Every structure is written in structure tokens, then in C-alpha cells.
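Heavy-atom basis, side chains included; hydrogens, waters and symmetry copies ignored. Atoms within a ligand are numbered from 1 in the order they appear, just like the ligands themselves. All figures in this text were calculated on a predicted structure; none of them were measured in a lab.
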Amino acid sequence: MIELKNVSFEYENTAIFENLSLLVAEGEKIGIIGESGCGKSTLLKLMAGLYVPSSGEISVDGASRPDEIIKKVSVVMQSPMLLPLSIIENITMGHEYEKEKIEKIIESANLKKWIDSLPEGLDTYLGDRADELSGGQAQRIAIARAMFKDAKILLLDEPTSALDGENAASVLEAISHFTHDKTVVHVTHRKEHLDGYDRIYLMKNGKLSEA
Ligand SMILES: Nc1ncnc2c1ncn2[C@@H]1O[C@H](COP(=O)(O)OP(=O)(O)OP(=O)(O)O)[C@@H](O)[C@H]1O
Ligand SMILES: [Mg+2]
């Protein structure tokens, strides 16, 4: 469950939200749409514990401290952040893993063909070449990372924006299988990516209304 109570947030002197409240029950899937710059990514970062509200309360699966909130969520941010590590380390973030689980994930995230074409496969070091990856490859690694973490709450910020239509469709389908029992907040400019969601909100002037 995600609960925002009278949350206000501003960047320096620009207010983004004032007294914003929202409740996402466990297992619910909500979408958020709205014009560029309206604050969608900011809201997700608040829900992920990456930003702290200037007033109000955020509770995510019972956690309210940012360092605890971060543990409760899997996040795919708008600009995926890759670390100077191998592909596998970027997916597992150094945690132990079962080969089978990883194989399933790289299949779901449409990474298999590309990884199989690399001489060192999953062990390919991204340190020197993180900049050489396509936006879509980076995005799919970020999705695989979220799938691996497998938190009960998934926050998605334009998770397939860098993928072509076919790739986007199959990755979205994999995401929907993987999230069938999870709580999801999905930000997108493509309303058609939110088919079957419980609610869709439009963000405007720092407020959310059902779209
Ligand atoms: N780190 C920051 N410092 C100052 N202002 C910021 C910062 N990040 C975002 N903003 C501003 O806050 C507003 C909301 O930004 P945000 O990234 O949340 O929008 P968005 O709805 O996600 O847009 P898009 O659809 O383009 O991704 C914008 O006006 C933006 O310029
Ligand atoms: Mg954004």
C-alpha cells in the first residue's frame, strides 16, 4: 500500500505539490499521465524514498523513512542508471542469484538475443561502455533489475519509452505477468499502455484527478 497524506514538495522555490493525497491499496495498479514537466517523475521519486516531502506524510508498505521506503519498492526510472559493473551485476546489484531466475528475467526483458550475441554474455563489463548501450538496452537492463529485486511495489516511469513498438509490447506483457499480484504505479505518455489498470490519474497543476 502507498499512502500520501497532504504531501507538499518544492524544488528550491518552485512548488510542485501542495497538500497532495493519494491512496494506492495493496495489489492495485494505477497509471499517471500528464503533460511534460507536470511532476510525474517527482511524484515517483517521492514514492521511492528518493526525495523527502517538505511537509505531509508518505507511507509505503508500512515504511515512512526514506531508507526504509527504498527497500520496499522496485523502480524503473525514466533515465536508467547503469553502474560500472558487468551486465549481471547491474541486474542483481551484487545479490546472490539462481541461474534459472536470471534466464527467465533476461528472456522477459527481451535481453536474451543481445546478451547471447556478446562474447562475454552476462559477464560483459559495462564500465567502459555504459555510454555505448542503446537507450533501449539500458532500459531493459533497468527492467530486469526491477524484476530481479521483485519488491511487492513496482514504480515505473516511462519504462518502455526507448523501445520500438514490438519490443515495448512484449516487455509490457512481461511486466504485466510479473506484476499480476503486485502494486504498480506506472507513469506514461501512452494511455494505451494502461489497459486493465484499476485507475488512471491525470496530473495537472500539482493535483491528481481521475482521467
Ligand atoms: N532536480 C530538479 N531541480 C529543480 N527543478 C526540477 C528538478 N527536477 C525536475 N524539476 C522541475 O520540476 C517540474 C516537474 O518535473 P518532473 O521531472 O517531475 O516532470 P514530469 O512530469 O516527469 O515530466 P516528463 O513527462 O517530461 O518526464 C519541471 O518543471 C522540472 O523542470
Ligand atoms: Mg518524467
Check Arg65 with Glu68, please: is the shortest side-chain N to carboxylate O separation under 4.0 Å?
yes
Side-chain heavy atoms nearer than 4.5 Å, only ILVMFWY residues, links allowed to pass through others: does that put Leu163 and Leu154 together?
yes
Atom 18 (O) of ligand 1: closest protein heavy atom, distance to 0.1 Å, is Thr42 OG1, 2.5 Å
Where Thr183 and Ala25 come nearest, the two heavy atoms and their spacing:
CG2-O, 3.7 Å
For atom 26 (O) of ligand 1, what's the nearest protein heavy atom and its distance?
Ser36 OG, 2.5 Å
Check whether any heavy atom of His189 sits under 4.0 Å from an atom of ligand 1.
yes
If you round to the nearest 0.5 Å, how far is CG of Leu122 from CG of Asn90?
11.0 Å
What verdict does the side chain to side chain contact (heavy atoms under 4.5 Å, CB included) test give for Val76 and Glu158, after you've listed the backbone C-alpha separation in whole Å, the side-chain angles of each residue and the deciding distance to 0.1 Å?
CA-CA 8 Å; Val76 180; Glu158 301 276 8; over 6 Å; no
How about atom 7 (C) of ligand 1: does it have a protein heavy atom within less than 4.0 Å?
yes
Taking C-beta and beyond as the side chain, do Ile141 and Leu133 meet within less than 4.5 Å on heavy atoms?
yes
For Ile16, counting its heavy atoms only, list the atoms of ligand 1 lying under 4.0 Å from any of them.
12 (O), 13 (C)
How about Ser41: does one of its N, O or S atoms come closer than 2.8 Å to the Mg ion (ligand 2)?
yes
With the 4.5 Å side-chain cut-off for hydrophobic clustering, are Ile32 and Val73 part of the same group?
yes
Mind checking side chain to side chain donor-acceptor pair (under 3.5 Å) for Asp116 and listing every partner two or more places apart, or none if nothing turns up?
Lys112
N, O or S of Thr42 under 2.8 Å from the Mg ion (ligand 2)
no
How about atom 24 (P) of ligand 1: does it have a protein heavy atom within less than 4.0 Å?
yes
Decide whether an N or O pair under 3.5 Å exists between Gly34 and ligand 1.
no
For atom 10 (N) of ligand 1, which protein heavy atom lies nearest, and how many Å away is it?
Tyr11 CE1, 3.3 Å
Regarding Ser161 and Gln78, do their side chains bring together a donor and an acceptor under 3.5 Å, going by distance alone?
no
Who's closest to atom 29 (O) of ligand 1 heavy-atom-wise, of Gly39, Ala15, Gly37?
Gly37
Which protein non-hydrogen atom lies closest to atom 27 (O) of ligand 1, naming both residue and atom, and how far is it?
Gln78 NE2, 2.8 Å
How far is atom 17 (O) of ligand 1 from its nearest protein heavy atom, and which residue and atom is that?
Ser41 CB, 3.7 Å
